[in-house]
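Throughout, numbering of the chain's residues begins at 1 and tracks the sequence. This one's a predicted model, so the numbers in the text were calculated from it and none came from an experiment.
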Amino acid sequence: MTMKNQSNEKQASKANHYLTVSDLDGDTLLTLINRAIQLKQHTKAGLPFRPATGRTIGMIFEKPSTRTRISFEAAMYQMGGNVSFMPSRDLQLKRGEPLKDTARVLSRYLDCLVVRTFGQEIVEELARWSEIPVINGLTDQHHPCQILSDIMTILENKGKDIRGLKIAWIGDGNNMAHSWIQAASRLGFPLTLACPEGYDPDEGILKAARKEASAPILLTRDPSEAAEGADVINTDVWASMGQEDEAKERKKRFMEYQVNAKLLRLADPKAIVLHCLPAHRGEEITEEVLEGPQSVVWEQAENKMHIHKAILEWAMGL
Ligand code: CP
Ligand code: NVA
């Protein structure tokens, strides 16, 4: 999607956009997570929940997706609504139609937009002009929906207030790390990130989050330090979408940041392991850990659908 000929004339509309974790206060984030836990039970009990009847969401995706796409689609269909999936190459955006025109036109047809793209400025520009909520389904800088399903999974498994849990992030200071940092700040839990030199999270995001945080957000080069006594170990791919050219170099630089049995032994014996997926076995995580008893990744993937129901309900005011 191009950012050419864009303008800053208009302020973001009043719709319930969700572009970064920091867009919402801690209470709202927890309300969404608790609502998703409730909706999960509701779904499993086979009870109908169709508040989106007659509504349509649009999904503009410029990067591949298995989980985010299908879980949003399933969520919307189960809620009685419709989905229009729009690979960005099929839109006039590809031929240079401005984002601001696209946003205003789609606002006349649809009730919500879920967008997966490269730059954060693209979702910001869409939100600026859109009369309907814009939800960030992943950018290079943030993955705010994913973090909510991850915290939901943690609360379900650890059964306590997240503020008492030690959360570790091992690997790249990427979009997921940024959303974790903002969540730690909003929800007040301690977070330790272990990243190789040159792959730290964005300084501005870290600084802003620390300013408001009530628990420490630490950055270390040592994965053992982050894993030591942790209740939750998180990791993600070493080369994110769009960084395929760097994959070989990153593999060398990140090897000691692999989440393996040795690292996991340093964590609390009841620690759980999260990975937003897709996973690269033998790189950021071993097969043994991913398929092991402490891994909750399949539940975590399922929870994306439940959290997306809660997000859609909130965003569209259903
Ligand atoms: N976790 C996640 O966002 O997966 P997809 O890239 O498959 O959507
Ligand atoms: N950091 C990864 C997350 C994938 C869900 C990426 O952006 O590719």
Asks: Can you pull the ring pair (Phe, Tyr, Trp, His ring centres under 6.0 Å) pairs that have at least one residue in residues 211-254, sequence neighbours excluded?
Replies: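 Counting only pairs at least two positions apart or across chains, the ring pair (Phe, Tyr, Trp, His ring centres under 6.0 Å) contacts touching residues 211-254 are Y199-F254, W238-F254.
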
Asks: According to a 4.5 Å side-chain heavy-atom criterion applied to Ile, Leu, Val, Met, Phe, Trp and Tyr, with indirect links allowed, do L30 and I307 form part of one hydrophobic cluster?
Replies: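 Looking at the clustering, I307 is in the same group as L30.
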
Asks: Report the residues that fulfil ring-ring contact (aromatic ring centres under 6.0 Å, His included) with F72, sequence neighbours left out, ordered by chain and then residue number.
Replies: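 If we apply the ring-ring contact (aromatic ring centres under 6.0 Å, His included) test to F72, skipping adjacent residues, the hits are H308.
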
Asks: Excluding sequence neighbours, so at least two apart, what forms side chain to side chain donor-acceptor pair (under 3.5 Å) with R55?
Replies: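 Partners of R55 under the side chain to side chain donor-acceptor pair (under 3.5 Å) test: none.
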
Asks: Heavy-atom count around E203 CD within 6.0 Å, excluding the residue itself: above 12?
Replies: no

Asks: Give every residue pair that meets the ring pair (Phe, Tyr, Trp, His ring centres under 6.0 Å) criterion with at least one member in residues 76-128, sequence neighbours excluded.
Replies: F61-F85

Asks: Pairing donors with acceptors under 3.5 angstrom, does anything connect the side chains of T153 and N303?
Replies: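 Short answer, yes.
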
Asks: Can you confirm whether Q78 sits close enough to T43 that some side-chain heavy atom of one is under 4.5 Å from a side-chain heavy atom of the other?
Replies: yes

Asks: Is a donor from one side chain sitting under 3.5 angstrom from an acceptor on the other, for N34 and T31?
Replies: no

Asks: Does the pair R221/D200 count as a salt bridge with the N-to-O cut at 4.0 Å?
Replies: yes

Asks: Please determine whether a side-chain nitrogen of the Lys or Arg among R89 and E62 lies less than 4.0 Å from a carboxylate oxygen of the Asp or Glu.
Replies: no

Asks: Which other residues belong to the hydrophobic cluster containing I233, where Ile, Leu, Val, Met, Phe, Trp and Tyr are joined when side-chain heavy atoms lie under 4.5 Å apart, directly or via other members?
Replies: I170, Y257, V259, L263, L264, L266, V273, L277, I285, V289, L290, V297, W298

Asks: Using only atom types and a distance under 3.5 Å, with no angle test, would you say the side chain of K63 pairs donor to acceptor with the backbone of T117?
Replies: yes

Asks: Using a distance-only test with no angle check, is there a side-chain donor-acceptor pair under 3.5 angstrom linking H275 and E284?
Replies: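 Yes.
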
Asks: If you round to the nearest 0.5 Å, how far is CD of E283 from CE of M255?
Replies: 7.5 Å

Asks: So, does H178 use its side chain to make a donor-acceptor pair with the main chain of D202 at under 3.5 Å?
Replies: yes

Asks: Only counting residues at least two apart or in another chain, list the ones meeting side chain to side chain donor-acceptor pair (under 3.5 Å) with N82.
Replies: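 None.
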
Asks: Does E302 come within less than 4.0 Å of K44, counting only side-chain N to carboxylate O?
Replies: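 Yes, this pair counts.
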
